[in-house]
Amino acid sequence: MDPEARKVLFSEGGGAVVVAFWHESLPLIPALWWWSEAQNPAMRAHVLISRNRDGRLIADLIDPWRIQSIAGSSDKNRKKKGGAAALRRMQVLLRRGGLIALTPDGPRGPRRQAQQGAVALASSVKKPIIPIGATCQGIRLNSWDKMVIPVPFGRGHFVCGAPLFLSRKKGAQAGQNTDHLLTEAITQAMTQAEHPEIDQPGGQKEKIQLGPLSLQPSRAWGWVATALAPALPFLLRWRQTRGKEVPGRVREKMGFASHMRPAGPLVWFHAASVGELVSILPLVEICLEKNPALTVLLTTGTVTAATLLQQRLTHARLVHQFVPLDVPRWGKRFLGHWQPQAVVFTESELWPNLIGLCHQQNIPVALVNGRMSERSFNGWLRLRNVARRMLERVAWIAARSDEDAERFRQLGARSLAKAADLKTAAPSLPVDPIALHIVHKHLAGRPVFLAASTHEGEEEALRQTVQTLRACYPSLLTIIVPRHPERGAAVSALFEGAPRRALGQFPAQTDAVWVCDTLGELGLFYRLAQIVFIGNSLPGVRTGGGGHNPFEPARLECALATGPLIQNFQEAFAVLGQSVVSVQTPAELAGWVSAMLDNPARCQASAVQAQAVATANMALPGQLADKILTLLPS
């Protein structure tokens, strides 16, 4: 394979190309596609085939390989053979990033002599032509093209020549010259395929072993999951008693659907928890808007994410289910019912069995906002072969940062889109304007400090901060929003029975703390407080820390502080830079809040700086939505 041909076919943005081979090699093309699709699963192949009986037979033969046919050939002798309509369709597909395979000497010859259609098509959309030579042990027919029918287990060779950028200029002589160049290029590739033992100048620069990907990333992974499957229903029932599963919907995690599949195309989006869900909701909305026939199946892993989805997005063409656990039999049941045409996973959701099952069923998989932390990277390194076989099945990965992209690349990812964080492009968190007006009325102009998304262990530290601030600013109200609302009663008890929003309580003027233990209202609280501490980041937090998404408060013009434990959002905090202050102790946090209260101009400047960074990449969801929709069959 010529190195430049590899770049055109398999690099990011590759696949929009015309592939040309002689008509005699047509039966061998499924074998080449067998290998090519593994290198670039996002590639979509279409083959130009004549509208006669033989063409329809070939179309039926290649259909199981997920190669779509375009019926038509050049209109000759005043006979309409669908050439003009086929040309228009091929131009559209090439502009959308598709691959068009055609035989320039077909359908009736002369043998090994390129006609005008291939060059005219490629030059009209400014795409290259890659000449292909293909041979195999087989039976050569006594037809006009001497077509080869391969025998079982026959050995053969494929040669991909250098891309040709041919321009169709006016004049018969100019047209003949470009057709002659294409004829020479395909013939040279064919000669190299027929005589691979001869080292010819300009021959193939890279030798490849033709073969498909295995169907499963890891057989052992599948065996372990299957062995554990009998115990998993008991685990799910136990989680239900703890409030971590929805009664009546536990069976969804075993692949049993609770909805009928709607007719038409369907894309499956998966977001494990609240953070991932919030980041992909703009993608989902744009995809639904751009394709009126599309249905989106959106799965989550947690109850809180499912509840938030009901609050944030309801759509007639949106179906929510809980994601099945990574058990092969459960995944087959899930995919068999929903039959998605494409799958989009989010961040670090990588499940070998589910990805392998999608590969088995020729369903393209993409990963958006791909996150590969150092800890996860080191873990996958111990399972390097599993990671490689899993990632090479993914059509493309849009990593959230260059660092994440490099880790995916080292683990075996083949197609990486430009790195960008969806969380820098999400719209501002929504708010109920009536609720905002009511709360403003109750607060009566009191200054507000917000501790957002706190975790167990942090509220104890915040008690010292609240005591220090209360002594200096008697009217200050501290709002504490625990990440998990079910902890509201425990947090309230830490602050001497502070009022709780979940109980419909509002703070009195004498209350220093208000515990807001509700779900999906951070947009309200960020609009109440310009001074915000982002939780899950202080030393002593029971979860081990990691931080939370800083772009959400930044987008709403808040001055920000965080603790030092921000490993889950390190790239996001690095982007925000000095507009976010890092504090190590409750005393330092109290000092920062005091500085913001004493210097409103400094507070405003910090908030404006953070907002500018957090709203700088708003075109990203639309770009990714277009990329996702191209995964659907034409």
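Between the Q341 side chain and the L266 main chain, a donor and an acceptor come within less than 3.5 Å of each other. Remark: side-chain polar atoms of T346 are paired, donor with acceptor, to backbone N or O of H270 under 3.5 angstrom. Distance alone, capped at 3.5 Å, is enough to place a donor-acceptor pair between the R527 side chain and the G523 backbone.
Counted within 6.0 Å of CD on Q604, heavy atoms from surrounding residues, nucleotides or ligands total more than 12; the atom is thus considered enclosed. Within a 6.0 Å radius of CD in E289, other residues, nucleotides and ligands contribute 12 heavy atoms or fewer.
Remark: aromatic rings of W380 and F408 are distant, center separation not under 6.0 Å.
Defined by atom type and a distance below 3.5 Å, a donor-acceptor pair is present between the side-chain atoms of H320 and T300. Side-chain contact annotation: H455 with H548, donor-acceptor N/O pair under 3.5 Å present.
A salt bridge does not link D404 to R371: none of the charged side-chain nitrogens sits closer than 4.0 Å to a carboxylate oxygen.
A cation-pi arrangement is absent between K253 and W330 under the rule of less than 6.0 angstrom and at most 45 degrees off the ring axis.
Residues R384 and L381 approach most closely at NH2-CD2, 3.1 Å, considering heavy atoms. Of all the heavy atoms in L476 and P447, the pair that sits closest is CD1-O, 3.4 Å.
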Margin query: Before you tell me yes or no, could you show the steps for W268 and T299 under side-chain hydrogen bond (donor to acceptor under 3.5 Å, both in side chains), namely the whole-Å CA-CA distance, both residues' side-chain angles and the distance that decides it to 0.1 Å?
Written below: CA-CA 8 Å; W268 169 25; T299 61; 2.8 Å; yes
